[in-house]
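Residue numbering restarts at 1 for every chain, and letters A, B, ... go by the order of the sequence lines.
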2 protein chains.
Amino acid sequence: MKSSGNKTKFLILGLLSEEQLSGYEIKKIVDMRFSFFWSESFGQIYPQLKRLNEEGLIEEVVVEDSENIKKTKKYSITDKGISELKEWLEEPVEKESVRYEILLKMYFSNIISPEVMLEHIREFQISHRKQAKLFEKFQQQLEEYKDVHSNHKDILMVLSFGKKVWKAYDEWCEEVSEVLENRMEGREK
Amino acid sequence: MKSSGNKTKFLILGLLSEEQLSGYEIKKIVDMRFSFFWSESFGQIYPQLKRLNEEGLIEEVVVEDSENIKKTKKYSITDKGISELKEWLEEPVEKESVRYEILLKMYFSNIISPEVMLEHIREFQISHRKQAKLFEKFQQQLEEYKDVHSNHKDILMVLSFGKKVWKAYDEWCEEVSEVLENRMEGREK
DNA sequence: TTAGGCATGTAACCCGTTACATGATTTG
DNA sequence: CAAATCATGTAACGGGTTACATGCCTAA
């Protein structure tokens, strides 16, 4: 068992190191900006916030919101939290284990018709192109609010990863589509 | 809950649709040829084989190995197994949820020194280059035993995915390394 | 006024890895 | 003959998703 393991913890600490957030806001940020390389569910976030609070790595912020008492529980990171975050950031990256269902299906696709496989590829391509457009949109937003994010450059590099890898996905789809189309024609003859 | 969910099941059915295999052999194949896009542990494979056998999707092969009675339990796929495999292959691909720890660390890397982050990138690059070399090796092997695999072309396409995406990884590493090196110099001034 | 978004949380369940147990066979 | 590899399997644990429960607030 590794010292890390629980990465939700560090995602939360990381986000709280930038600004005070509620569980709901954390989820929103992950869905909007991290979705292409990370995901979290409420079932992870809320219990984790509770634990981190108990451990003293974060603390609840008293939201004195002038007029109305909000129901949102905001948290801020403590010094202890920052030092644990730092520790984790300095630890070597565990190698990710991805599971591409589409490649499994591709591998065994001689069992099914090329038409069906082509359809899978098309869907894969469409959904990833949709994501690729979000990269551009997010990058524009970033340029506008350049001063807000102290880690502006780092975010750009994360985005660059997405753009490069998603481009590779797209090119692969093009290549594979062609092969499958040829196969369809060949079979019809 | 989706009708699929349990993908180990279909990996096993897929591999058994090509040849009779034991649990141990399945693990070996996954580790050698699928490792860049799939992984399985014994703790998944053996119980799953048992279940599939009970369900009648696969059956134990009586290994009559002339001289010595082997301890290996080989399985073959049944017609029922093939039709379930086919069904799954035709179902739409669920979108994968990847978690790139390196991108999380990159995102928050303003907290740590560029030297440490650069080290992470280097390790990422090295391990992925190692994998990239295996693509070439595997492709050569494929060309040699072209006739053995009926799905030769499909395997090549899976490999092509790896080559393209891993190339994108490598290019990203180069780009990011440069940025981090500049940052280090900038800070020293 | 009702549907949808905001907001927090818990419980059940599934999936997957790790660790452990066991024993045969091969190789230095 | 000891160490490594082959080979099969189980149990425990942990991480993550889904479903559910609850209640507020806002806009059509």
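Residues B/R51 and B/F42 both approach DNA chain C. Their nearest nucleotides, taken by heavy-atom distance, put B/R51 toward the 5′ side.
OP1 or OP2 of C/dT8 sits under 4.0 Å from a side-chain N or O of A/S22. Between B/T8 and C/dG16 there is a side-chain polar atom (N or O) within less than 4.0 angstrom of OP1 or OP2. An OP1 or OP2 oxygen of D/dG9 is reached within less than 4.0 angstrom by a side-chain nitrogen or oxygen of B/K73. Dashed line: the shortest gap from a side-chain N or O of A/K50 to OP1 or OP2 of C/dT10 is under 4.0 Å. Applying the 4.0 Å criterion to OP1 and OP2 of C/dT18, one finds that B/S41 has every side-chain N and O outside that range. Within the 4.0 Å cut-off from OP1 or OP2 of C/dG16, at least one side-chain nitrogen or oxygen of A/R99 is found.
Side-chain rings of B/Y169 and B/W172 stay apart, their centers remaining 6.0 Å or farther from each other. Two rings, from A/F108 and B/F10, have their centers 6.0 Å or more apart.
A/N53 places its CG atom 13 Å from the P atom of C/dT8, with the value rounded to the nearest Å. The interatomic distance linking A/I29 (CD1) with C/dA7 (P) rounds to 12 Å, in whole Å. Whole-Å rounding puts the A/D31 CG to C/dG5 C1' distance at 14 Å. Rounded to whole Å, atom C1' of D/dG16 lies 17 Å from atom CZ of A/F10. The CD atom of A/E25 sits 11 Å away from the P atom of C/dC6 (whole-angstrom rounding). The distance from atom CG of B/L21 to atom P of D/dT8 is 11 Å, rounded to the nearest whole Å. Distance A/E60 CD to C/dT8 C1': 11 Å, rounded to the nearest Å. Atoms CD1 (B/I45) and C1' (D/dG9) sit 12 Å apart, rounded to a whole Å.
Checking C/dG9, D/dT18, D/dG9 against every side-chain atom of A/Y46, the shortest atom distance belongs to C/dG9. Counting only heavy atoms from C-beta on, A/Y24 has its side chain closest to C/dA7 among C/dA7, D/dT8, C/dG16. In the set D/dT10, D/dA7, D/dT17, the nucleotide with an atom closest to the side chain of B/K28 is D/dA7. Picking from C/dT17, C/dC15, D/dG9 the nucleotide with the shortest atom distance to the side chain of B/Y75 gives D/dG9. Side-chain proximity of A/T72 to the nucleotides C/dT8, C/dT17, C/dG16 is greatest for C/dT8.
Under the 6.0 Å distance and 45° angle rule, A/K105 counts as a cation-pi partner of B/W88.
Residue B/G43 is classed as a base contact, given a heavy-atom separation below 4.0 Å to a base.
Of the possible polar contacts, one joining the B/H120 side chain to the A/L89 backbone as a donor-acceptor pair under 3.5 Å is found. A donor-acceptor contact shorter than 3.5 Å links the side chain of A/K80 to the backbone of A/E55.
Applying salt bridge (charged side-chain N to carboxylate O under 4.0 Å, His left out) to B/K9 and the options B/E84, B/E87, B/E40 leaves one that passes, B/E84.
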